[in-house]
Amino acid sequence: MAGFHFSLEKVHSYKLSLEKQLKLQLAESRRRQAEAEASLERYRSLRAGAPAIEGAVAVEELIQKAAYLEALDGRIACQQEEVARASRVVTEGREKVQAAMQERKVLDRLRERQFQDYKYNLAREEQKQVDEAAGSRFYRRTFE
């Protein structure tokens, strides 16, 4: 009897490599999400640390500070959108990885089942050969 051969080995290998590729993409998406969140925190800390407008101030200084705060608020809003977009990409990536893992696990279970069948058939074949050898020995002893 020939050695064990899983009939869907090429499909299994493909699914395994696809799963690895999706995991790498997910890691990259998580890195981008962390960078976007860090940028958002920097903008928020700049906004929180911005000096308040107090007392009598020259008009130009008032306009300059208001423009600065408005620009920070705009960057914060854009960065919040970027963080939300990055979170969606991570969620989608996670779902793709989970689906790929499920498909691979189905093939793993099928492979294991086929291997168990192979071992069972191999054991039956060996037992059959042992029985035949014992039967022929008995036959020779009986009729000699």
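The basis for the numbers below is simple: all heavy atoms, side chains too, and nothing from hydrogens, waters or symmetry mates. Because the structure is a prediction, the values reported are computed rather than measured.
- Electrostatic pairing of Lys65 and Glu61 counts as a salt bridge here, judged by a charged N lying under 4.0 Å from a carboxylate O.
- Considering all non-hydrogen atoms of both residues, Phe6 and Arg111 come closest at CE1-CA, 3.4 Å.
- Under the 4.0 Å criterion applied to side-chain N and carboxylate O atoms, Glu35 and Arg32 are not assigned as salt-bridge partners.
- The list of side-chain hydrogen bond (donor to acceptor under 3.5 Å, both in side chains) pairs with a residue in residues 86-100, not counting sequence neighbours, reads Gln33-Ser87.
- With sequence neighbours excluded, no residue forms a side-chain hydrogen bond (donor to acceptor under 3.5 Å, both in side chains) with Glu132.
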Does the side chain to side chain contact (heavy atoms under 4.5 Å, CB included) test come out yes or no for Glu103 and Val106, once each step is laid out? CA-CA 5 Å; Glu103 290 175 6; Val106 165; 5.8 Å; no
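- Interatomic distance, Leu40 CG to Cys78 SG, rounded to the nearest 0.5 Å: 11.0 Å.
- Applying the ring pair (Phe, Tyr, Trp, His ring centres under 6.0 Å) test to every pair with at least one member in residues 79-104, sequence neighbours left out, gives no pairs at all.
- No hydrogens or angles considered: nothing links the side chains of Glu125 and Asn121 as a donor-acceptor pair under 3.5 Å.
- In the hydrophobic clustering of this structure, Val90 groups with Met101; members are Ile, Leu, Val, Met, Phe, Trp, Tyr whose side-chain heavy atoms approach within less than 4.5 Å, directly or through other members.
- Here the CG-CG distance, from Leu26 to Leu22, works out to 8.5 Å after rounding to the nearest 0.5 Å.
- You'll find the side chain of His5 stays beyond 4.5 Å of the side chain of Tyr118, heavy atoms only.
- Going from atom CG of Leu69 over to atom CD1 of Ile76 covers 9.5 Å, rounded to the nearest 0.5 Å.
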Derivation and outcome, salt bridge (charged side-chain N to carboxylate O under 4.0 Å, His left out), residues Glu81 and Arg85: CA-CA 6 Å; Glu81 290 174 15; Arg85 194 172 20 259; 5.1 Å; no
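- The shortest side-chain heavy-atom distance between Leu122 and Lys119 does not fall under the 4.5 Å cut-off.
- Here the shortest heavy-atom pairing between Lys15 and Leu107 reads CG-CD1, 3.7 Å.
- For Arg75, the salt bridge (Lys or Arg N to Asp or Glu O under 4.0 Å) test picks out no residue, with sequence neighbours left out.
- Annotation: the span from Arg104 atom CZ to Arg109 atom CZ amounts to 10.0 Å, rounded to 0.5 Å.
- Listed by chain and residue number, Glu112 satisfy the side-chain hydrogen bond (donor to acceptor under 3.5 Å, both in side chains) test with Gln116 (two or more places apart in sequence, or in another chain).
- For Tyr68, there are no ring pair (Phe, Tyr, Trp, His ring centres under 6.0 Å) partners at least two apart in sequence or on another chain.
- The line from OG of Ser29 to CD of Gln25 is 7.0 Å long, rounded to the nearest 0.5 Å.
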Under the side chain to side chain contact (heavy atoms under 4.5 Å, CB included) rule, what do Glu126 and Val130 come out as? Steps first, then yes or no, please. CA-CA 6 Å; Glu126 288 173 358; Val130 167; 5.5 Å; no
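- No salt bridge links Arg113 with Asp117; every basic N to acidic carboxylate O contact stays at or beyond 4.0 Å.
- The CZ atom of Arg44 sits 9.5 Å away from atom CD of Glu37, with the distance rounded to the nearest 0.5 Å.
- Minimum heavy-atom separation, Ser7 to Gln114: OG-NE2, 3.4 Å.
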